[in-house]
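Below is one structure, written out as structure tokens; the observations come after it.
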There are 2 protein chains.
Amino acid sequence: MPASCQFATGVHFLALLSQSPDSFLTSNEIAESTLTHPVVVRRLMASLQEAGVVETQKGPGGGVRLARLPRQITLADVYQAVQTSEPLHLPHTEPNKNCPIGQAMQGILEEIFTRAEAALTNELARTTLSDVLESALARHRAHSA
Amino acid sequence: MPASCQFATGVHFLALLSQSPDSFLTSNEIAESTLTHPVVVRRLMASLQEAGVVETQKGPGGGVRLARLPRQITLADVYQAVQTSEPLHLPHTEPNKNCPIGQAMQGILEEIFTRAEAALTNELARTTLSDVLESALARHRAHSA
DNA sequence: TTTTTTGGTAACGATTATTGTTACGTTTTG
DNA sequence: CAAAACGTAACAATAATCGTTACCAAAAAA
């Protein structure tokens, strides 16, 4: 299967919005910048809106903009808003009920997954959209120079 | 696509091996305990063998056993051995080359992914197979009582 | 009020990764 | 040499993502 890149795509979209936090960008504009389809933009933005990261405005002059300042939005916010599938998964099939290990395994793995994902989001929470935008502009300057 | 559960499956297999670190288990035995197919066991064990976590023995009396003591194998070892796809992914399509943000995005995201996955594996490194087996047996006792 | 411009969302197909399965080769033991 | 195990290629079924089309709803402007 294609692995989900919604987090990467979401960060990209939001970095674009961070350039002008006060104005709306249309899904067409964002789709052109990222070479994807406007419906893909709207789909992902729907999740981000539900999480309170962006707000949308219909009709002429409308579009999407950040709901908070770039420095108030962390990558953990983005991750939790858009990540549909978690990085670690239980098997779909139930284990053998006669096996003591198998019976206990599911609960143990869930605990482990919870701790591991907490570690992941804690790290993501250390970076804000403002950091991302700054890095992007710095890289651009370095590359142009 | 079905999300990969190789890490969960691997931990389960290795917990079984941890019960008797000195003896070989056949892929048939492991497959029965976990209600999966022997080829699935062998496939996953091949990765774990390449990583030096288990060793195999062909022929009668053969099978798979741990290459080190359970307390010397961490879940980070398992994760790094079997995780084919990473939890975070870049988009497959290249971004717009005319966009300063898009150009820089890929490198920035790679840095972020590296830090996030390091945080994940650091957390996984805190748990050993010995811990997992102990938790499993404790849960089994609690459930039986 | 009508038209235009936007987002919202359902539905479908192409693509792709995972898993289970079969089949067959290889190695080791006895 | 026979039997028991792993090693691995190949294929189908399943499932998830993404792009795309189509159409609705809402808001602004004419």
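In what follows, every chain begins at residue 1, and chains take the letters A, B, ... in the order their sequences are listed. In this text the structure is predicted, and so the values were computed from the model without any measurement.
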When you check the phosphate oxygens OP1 and OP2 of D:dC18, does a side-chain N or O of A:Thr36 lie under 4.0 Å from one of them? no
To the nearest Å, how far apart are B:Leu35 CG and C:dG20 P? 10 Å
For a 4.5 angstrom cut-off between non-hydrogen side-chain atoms, does A:Leu124 reach A:Gln80? no
Which nucleotide in the set D:dG19, C:dG20, D:dC18 lies at the smallest distance from any side-chain heavy atom of B:Thr93? D:dG19
For B:Leu90 and D:dT17, give me the distance from atom CG to atom C1', rounded to whole Å. 16 Å
Between the side chains of A:Glu55 and A:Arg68, is the shortest nitrogen-to-carboxylate-oxygen separation below 4.0 Å, so that they form an ion pair? no
How are the rings of A:Phe7 and A:Tyr79 set to each other: parallel, tilted or perpendicular (split at 30° and 60°)? perpendicular
What does nucleotides 4-12 of chain D look like as a protein-contact string, B for base, S for sugar-phosphate only, - for none, at under 4.0 angstrom between heavy atoms? BSBBBBB--
Find the distance A:Glu32:CD to C:dT6:C1' and express it as a whole number of Å. 15 Å
Please give, in whole Å, the distance from C:dG7 P to A:Glu50 CD? 18 Å
Please set out all donor-acceptor pairs under 3.5 angstrom arising from side-chain atoms of residues 15-23 of chain B, sequence neighbours excluded.
from: B:Ser18; atom 1: OG; to: B:Leu14; atom 2: O; distance (Å): 2.7
from: B:Ser20; atom 1: OG; to: B:Ser23; atom 2: OG; distance (Å): 3.1
from: B:Ser23; atom 1: OG; to: B:Ser20; atom 2: O; distance (Å): 3.4

What is the separation between atom CD on A:Glu55 and atom P on C:dT6, rounded to the nearest whole Å? 18 Å
Test item: B:Gln72 side-chain N/O and B:Leu69 main-chain N/O as donor-acceptor pair under 3.5 Å: yes
Rounded to whole angstroms, how far apart are CG on A:Leu44 and P on D:dT17? 12 Å
Hydrogens and angles aside, do A:Thr128 and A:Arg71 bring a side-chain donor and acceptor to less than 3.5 Å of each other? no
